[in-house]
Number of protein chains: 2
Amino acid sequence: MKLTINEIARLANVSKSTVSKVLNNYPGINKNTREKVLKIVKETQYEPNIIARALSSKKTGNIGLLIPHSPEHTISGAYWTTFISRITIELSAHDYNLLLLLPHEEGKLEDIFRLVLKRGIVDGLIIGSECLDRHWLSELKNNNIPFVMLGKNPDFTHYSVDIDNEDAACKATEHLIEQGYRRIALIAGPINFYYNSERAKGYRKAITTHSLEYSRELYLPYDNYQRLREEVESIITGAAPADALLVTAGGDFMLEVLDSIKKTGRKPPQTGFVSFDDYRYLDHINPPVSAVSQPMVEMSKASVDILVKLLKKQEPEEKEVFFKAKLNIRKSSLKNRN
Amino acid sequence: MKLTINEIARLANVSKSTVSKVLNNYPGINKNTREKVLKIVKETQYEPNIIARALSSKKTGNIGLLIPHSPEHTISGAYWTTFISRITIELSAHDYNLLLLLPHEEGKLEDIFRLVLKRGIVDGLIIGSECLDRHWLSELKNNNIPFVMLGKNPDFTHYSVDIDNEDAACKATEHLIEQGYRRIALIAGPINFYYNSERAKGYRKAITTHSLEYSRELYLPYDNYQRLREEVESIITGAAPADALLVTAGGDFMLEVLDSIKKTGRKPPQTGFVSFDDYRYLDHINPPVSAVSQPMVEMSKASVDILVKLLKKQEPEEKEVFFKAKLNIRKSSLKNRN
DNA sequence: TTGTAAGCGTTATCAG
DNA sequence: CTGATAACGCTTACAA
């Protein structure tokens, strides 16, 4: 005989609704009854079936983490990995499980959204800000599927957790300026991602504040890896070469840029170098790479907290939570080795 | 009115069981009926609710990926990340979704197994070989929950996908020998993990085959990071110092060892250095680190293929699938710079 | 405070 | 080939 709520009810001589109420901590249950039921539950090690509960309560207990990249571009970097694990842990503290939602191909999100919107696979979503699909995002709203974005999406009102990208880029640029670099180039990741444009804004702010030249030549938006390499090379070997680079994305993107620099024979900090996304291995890169560090643990917690509130139909305090990022300074940007 | 199978049945003037049969490609449905139903389905964009289907069919459509480490120790490394994303993609090709199962604390797997065994949260599991919990693993068997292990577990018969760890370590050691290193030390990761003992075996094999000294002093099993650092330092600065190190684990573990080496003032390839787990950033480490590279994409696919067969009640061809690992040689182990 | 009964949206069985 | 009808195991009104 399989262990179901009926069996528990039979053993405890109560109805299954009583068992259900006990298990879900409903009020208005006699103390003795409650204990009697709990005793049986303990003895039998009964645990309610998660699917049946989901069907009945219309809550799956699953949260989807939607990383809108193709896996080659994202997970291979170390940025998402911290989030994946931290979010999983944070969610489980609220009895939610993490379902990983990745598109087969870059940006192909239809299948995922059908799963969410039509088939009810999750109760809510945490979505990477690289998801630019306004259509689907508004469908989520229309269908009352709670979601939080990791990273703000500009033209859309939504709950989000992010760092102050402008500030971070500004600080990073100022650090390079302090070190004596004067022609600082910006190597921007895909510019349709909001954080890249915010970072570009911060860079520009620092440049103009310090009365340095802000020129089109020093601004390199990402197109593809092939062109990236060529342009990085030309930007630091040209007639009026850049003497430092700020790279607005980490992981493989940063490594590509680093490769290109090395190819020219120059090497940070000869050419100053600061990147985003801090990892332990940057300590061991040749030379160690300065990078903007995001408080991923706090951000994970913040996003889960917001989502959980939404799921409870509570109103989170803030619509947008921002953290300050820190700059982790290493040799790649230290012109003046003090 | 919510869109359910009943609604489709009503619109198509058939019973819901007919709709169900059409949707699940059952044989014995009149062609016209089938088309009529499919037409309505298409028009309404109906998709069956995943939870209701799960309850009725007793199949959740979810596969759990159990990484038995605390997140700090694992996901932060880059080893699992490739697996996580590849497995997700492979699974979705079979209409399964990936549920990430991580313990709050190192090795605390009870909660996870209760979720799996008692509450039916997944149909099957892919489990990291670091899971040594025989009790729970045999419970899985008793409960007919299909699972595949990523990495073989020695004292337990199960389906597994792994590399030939002994061979890989042997090759890596022989590479060091060819380079002229003679006192090669083994820095083993946690020895209760089978792959570490297999790698130690391969190391030993190479050492003895080439008539080098195999001594207790050159064998450093992992205890904790503090001791690891101390012992690495003493092993390469002692009276009869090691001239090369083979490290049986990658990620942070490898970086710890590298830190310790550098502390002594020595630096690979002065002290030869080969690690496990190949990542792109190893190209940029100072010096670039030679590492054993696992075919993670193929391994992910293999493990999913096995699991899917098991879920279909088919017998996979092999109980244990092994891949050969490759050695990615970089400067850290090139004594003779040709 | 407890129990009855009606769902939840599917799939599965079996009769027609 | 099609359709009632009964599961699946739980939650939740509502009645007692």
Side-chain angles (χ1 to χ4, degrees), chain A residues 1-38 40-41 44-62 95 114-123, chain B residues 1-38 40-41 44-62 95 114-115 117-123 311:
Chain A
M1 172 82 199
K2 239 204 334 234
L3 201 55
T4 70
I5 198 172
N6 285 304
E7 184 66 4
I8 301 298
R10 195 180 63 74
L11 292 170
N13 274 316
V14 293
S15 75
K16 65 175 172 179
S17 53
T18 302
V19 176
S20 176
K21 282 165 195 161
V22 170
L23 255 25
N24 293 290
N25 278 316
Y26 277 42
I29 295 282
N30 179 21
K31 205 180 166 191
N32 294 323
T33 321
R34 145 169 269 106
E35 278 166 7
K36 184 171 58 178
V37 170
L38 287 177
I40 301 286
V41 166
T44 56
Q45 304 201 53
Y46 165 76
E47 308 239 358
N49 179 287
I50 218 161
I51 298 295
R53 172 174 282 181
L55 180 59
S56 181
S57 66
K58 308 195 145 303
K59 285 167 192 162
T60 65
N62 293 334
D95 286 320
R114 274 188 13 234
L115 230 39
V116 172
L117 291 165
K118 305 259 179 182
R119 315 199 55 168
I121 200 173
V122 294
D123 298 335
Chain B
M1 172 80 201
K2 243 211 322 240
L3 200 55
T4 70
I5 199 172
N6 286 302
E7 184 67 3
I8 302 297
R10 196 180 61 75
L11 292 170
N13 275 314
V14 294
S15 75
K16 64 175 173 179
S17 42
T18 302
V19 176
S20 177
K21 281 165 196 161
V22 169
L23 257 24
N24 292 289
N25 280 316
Y26 276 43
I29 294 282
N30 180 19
K31 206 181 165 189
N32 294 322
T33 322
R34 146 168 268 108
E35 278 166 6
K36 186 172 58 179
V37 170
L38 287 177
I40 302 286
V41 167
T44 56
Q45 304 200 54
Y46 163 76
E47 307 238 0
N49 179 286
I50 218 162
I51 298 294
R53 172 174 282 182
L55 179 59
S56 181
S57 66
K58 308 196 146 303
K59 284 167 193 163
T60 65
N62 293 332
D95 287 321
R114 273 185 16 229
L115 232 38
L117 291 166
K118 305 259 179 182
R119 315 197 56 167
I121 201 174
V122 294
D123 297 335
L311 290 161

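We name chains A, B, ... by the order of the sequence lines, and we start the count at 1 in each one.
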Closer than 3.5 angstrom, by distance alone: can the side chain of A:Arg119 be matched with the main-chain N or O of A:Arg114 as a donor-acceptor pair?
no

B:Thr4 side chain reached by B:Asn49 side chain, heavy atoms, under 4.5 Å
no

Below the 4.0 Å mark, does C:dC8 have OP1 or OP2 next to a side-chain nitrogen or oxygen of B:Thr4?
no

Counting heavy atoms from C-beta on, name the nucleotide in C:dG9, D:dG9, D:dG3 closest to the side chain of B:Val14.
D:dG3

N or O in side chain of A:Lys58 less than 4.0 angstrom from D:dT12 OP1/OP2:
no

Just to confirm, is there a sub-4.0 Å distance from OP1 or OP2 of C:dG9 to any side-chain nitrogen or oxygen of B:Arg53?
no

Side-chain-base donor-acceptor pair under 3.5 Å for A:Ser56 and D:dG9:
no

Go through C:dG9, C:dA6, D:dT2 for me and flag the one nearest to the A:Lys16 side chain.
C:dA6

When only distance counts, do a donor and an acceptor, one from the side chain of A:Lys21 and one from the base of D:dT12, lie under 3.5 Å apart?
no

Using the side-chain heavy atoms of A:Ser15, tell me which of these nucleotides is nearest: D:dT2, C:dT4, C:dT10.
C:dT4

I want to check one thing: is the phosphate of C:dT2, taken as OP1 and OP2, less than 4.0 Å away from some side-chain N or O of A:Asn30?
yes

Taking only N and O in the side chain of B:Thr18, is any of them less than 4.0 Å away from OP1 or OP2 of D:dT2?
no

All side chain to side chain contact (heavy atoms under 4.5 Å, CB included) counterparts of B:Asn24, not counting sequence neighbours
B:Ser20, B:Tyr26, B:Arg53

Would you mind reading off the bend of the helix from C:dT1-D:dA16 to C:dG16-D:dC1 from its two end axes, five pairs each, to 10 degrees?
40°

Do any side-chain nitrogens or oxygens of B:Asn24 fall under 4.0 Å of OP1 or OP2 in C:dT11?
yes

Any base atoms under 4.0 Å from B:Ile29, or only sugar-phosphate, or nothing? Heavy atoms, all strands.
sugar-phosphate

Which pairs of donor and acceptor atoms, one on a side chain in residues 30-38 of chain A, lie under 3.5 Å apart (sequence neighbours left out)?
residue: A:Arg34; atom: NH2; partner: A:Asn25; partner atom: OD1; Å: 3.4

Look at the side chain of B:Ser17 against the base of D:dA4 and say whether a donor-acceptor pair falls under 3.5 Å; ignore hydrogens and angles.
yes

CD1/B:Ile40 to CG/B:Asn13 distance, rounded to the nearest 0.5 angstrom?
8.5 Å

Under-4.0 Å side-chain N/O to phosphate OP1/OP2 contact, A:Ser20 with D:dT11
yes

OP1 or OP2 of D:dG3 sitting under 4.0 Å from any side-chain N/O of B:Tyr26?
no

From D:dT2, C:dT11, C:dT2, nucleotide with atom closest to A:Thr33 side chain
C:dT2

